[in-house]
Amino acid sequence: MKVYAFDFDGTLTTRDTLLCFIAHACGRGGLFWALLRHAHLLVAMKMGLYSNERAKERVFAHCFGGMSEAGFEHLCTTFAATHRHLLRPKAMETLQQALDSGHQVVIVSASIDRWVTPFFAHLPVQPLVLCTQIEVKDGLLTGHFAGHNCYGAEKVRRIGEALPPRDSYTLVAFGDSRGDRELLSFADEAHYKPFRN
């Protein structure tokens with residue numbers, strides 16, 4: 001058995017989709033204000049003084065806390081439909097070849113699963129999406145994540161939880177950032193910053 005595990009942001013796509021999604025949902029002004037309001041946390045995160053997960057959750061809560069789940073789902077669907085240009089052609093070709101060959105394909109990303117999944121809705125065989133999940137109560141987004149941000153070691157934990165025992169398959173992994181370091185180390189075959197011209 002062979003498993004192909006792809007990071008999403010920067011690996012399958014040309015840029016980080018969180019910022020693109022906020023701009024899609026809130027406009028460029030909304031994105032600017034969200035980043036400005038949380039600039040101190042983002043700087044602290046870059047300096048290693050504040051966790052990636054908490055900074056991301058604070059920005060997410062600012063933009064989407066209290067929104068209806070139905071409204072958020074609609075934004076996710078329209079985002080994927082209007083931003084397919086973000087996908088790297090070579091990356092999608094590799095992913096499609098893996099699916100066509102009958103291999104298990106996994107998208108393992110810190111991005112929110114609700115907007116990642118629709119990017120693959122057109123495929124006849126769907127990849128397994130293991131991404132950051134959101135908390136919903138009474139039909140409204142709380143602004144919190146359900147579980148941990150799918151970043152770093154959490155990517156390896158999610159794969160271990162979702163797939164058969166590690167010694168039963170060969171893992172081919174693709175990533176582009178420090179958030180993929182553990183995933184790439186866990187793989188039998190690792191590709192760092194692939195699909196670039």
For the atom pair [atom1] ([X]) and [atom2] ([Y]), what is the distance rounded to the nearest 0.5 Å?
{"X": "F145", "Y": "R54", "atom1": "CZ", "atom2": "CZ", "value": "9.5 Å"}
{"X": "T170", "Y": "Q104", "atom1": "OG1", "atom2": "CD", "value": "13.5 Å"}
{"X": "E135", "Y": "E57", "atom1": "CD", "atom2": "CD", "value": "8.5 Å"}
{"X": "L42", "Y": "Y50", "atom1": "CG", "atom2": "OH", "value": "10.0 Å"}
{"X": "T78", "Y": "E73", "atom1": "OG1", "atom2": "CD", "value": "11.0 Å"}
{"X": "R158", "Y": "Y151", "atom1": "CZ", "atom2": "OH", "value": "15.0 Å"}

From the list D7, T13, D9, side-chain hydrogen bond (donor to acceptor under 3.5 Å, both in side chains) partner of S111 resolves to D9
Which atoms form the tightest heavy-atom contact between [X] and [Y], and what is the distance?
{"X": "G66", "Y": "L140", "answer": "O-CD2, 3.7 Å"}
{"X": "L75", "Y": "H24", "answer": "O-NE2, 3.4 Å"}
{"X": "S168", "Y": "P165", "answer": "OG-O, 2.6 Å"}
{"X": "G175", "Y": "D180", "answer": "CA-OD2, 3.4 Å"}
{"X": "C26", "Y": "C63", "answer": "SG-CB, 4.2 Å"}
{"X": "G147", "Y": "E53", "answer": "O-OE2, 4.1 Å"}

* Starting from the C-alpha separation in whole Å, work towards a yes-or-no answer on side-chain contact (heavy atoms from CB on, under 4.5 Å) for V108 and C150. => CA-CA 7 Å; V108 57; C150 191; 3.8 Å; yes
Heavy atoms of other groups near D100 CG, more than 12 under 6.0 Å: yes
- Message: Does atom CZ (R178) have a neighbourhood of more than 12 heavy atoms from anything else shown, all under 6.0 Å?
- Response: no
Without swapping roles, check the side chain of [X] against the backbone of [Y] for a donor-acceptor pair under 3.5 Å.
{"X": "T117", "Y": "R114", "result": "no"}
{"X": "T17", "Y": "C20", "result": "no"}
{"X": "S101", "Y": "A98", "result": "no"}
{"X": "R166", "Y": "Y169", "result": "yes"}
{"X": "H62", "Y": "R58", "result": "no"}
{"X": "Q126", "Y": "F120", "result": "yes"}

Do [Y] and [X] have ring centroids that are under 6.0 Å from one another?
{"X": "F119", "Y": "F8", "answer": "yes"}
{"X": "F21", "Y": "F60", "answer": "no"}
{"X": "H38", "Y": "H40", "answer": "no"}

Any heavy-atom pair between the side chains of [Y] and [X] that's under 4.5 Å?
{"X": "L183", "Y": "I159", "result": "yes"}
{"X": "H191", "Y": "V172", "result": "yes"}
{"X": "T142", "Y": "I134", "result": "no"}
{"X": "L123", "Y": "Q96", "result": "yes"}
{"X": "D113", "Y": "T132", "result": "no"}
{"X": "Y4", "Y": "V106", "result": "no"}
{"X": "I22", "Y": "F32", "result": "no"}
{"X": "L19", "Y": "L35", "result": "yes"}

Exercise for review: Give the C-alpha distance, both sets of side-chain angles, the deciding distance and a yes or no for side-chain contact (heavy atoms from CB on, under 4.5 Å) between E154 and N149.
Suggested key: CA-CA 7 Å; E154 180 66 10; N149 185 35; over 6 Å; no
Connected via hydrophobic side-chain network under 4.5 Å: [X] and [Y]:
{"X": "L95", "Y": "V129", "result": "yes"}
{"X": "L130", "Y": "M1", "result": "yes"}
{"X": "L31", "Y": "L41", "result": "no"}
{"X": "V125", "Y": "V3", "result": "no"}
{"X": "V105", "Y": "F186", "result": "no"}

- Query: Between R88 and E93, is the closest basic N to carboxylate O distance under 4.0 Å?
  - Reply: no
Over 60° means perpendicular and under 30° means parallel, so tell me whether F64 and F72 are parallel, tilted or perpendicular. perpendicular
Notebook entry, point to check: Can D176 and T11 be said to form a side chain to side chain donor-acceptor pair (under 3.5 Å), step by step?
Noted result: CA-CA 6 Å; D176 78 303; T11 301; 3.2 Å; yes
Worksheet entry | Test side-chain contact (heavy atoms from CB on, under 4.5 Å) applied to L87 and F195, step by step | CA-CA 10 Å; L87 295 171; F195 314 125; over 6 Å; no
Query raised in the report: For residues R157 and H148, is any side-chain donor paired with an opposing acceptor at under 3.5 Å?
Result: no
**Prompt:** Going by atom types alone, do Y192 and R181 pair a side-chain donor with an acceptor below 3.5 Å?
**Reply:** no
Open item on the list: Let's go through L184 and F174 carefully: what are the C-alpha distance in whole Å and the side-chain angles of both, what is the deciding distance for side-chain contact (heavy atoms from CB on, under 4.5 Å) to 0.1 Å, and is it a yes or a no?
Closed with: CA-CA 7 Å; L184 295 174; F174 304 83; 5.8 Å; no
**OP:** Start with the C-alpha gap between E182 and K155, add the side-chain angles, then the distance that decides, and say whether salt bridge (charged side-chain N to carboxylate O under 4.0 Å, His left out) holds.
**Re:** CA-CA 8 Å; E182 291 85 350; K155 293 192 174 190; over 6 Å; no
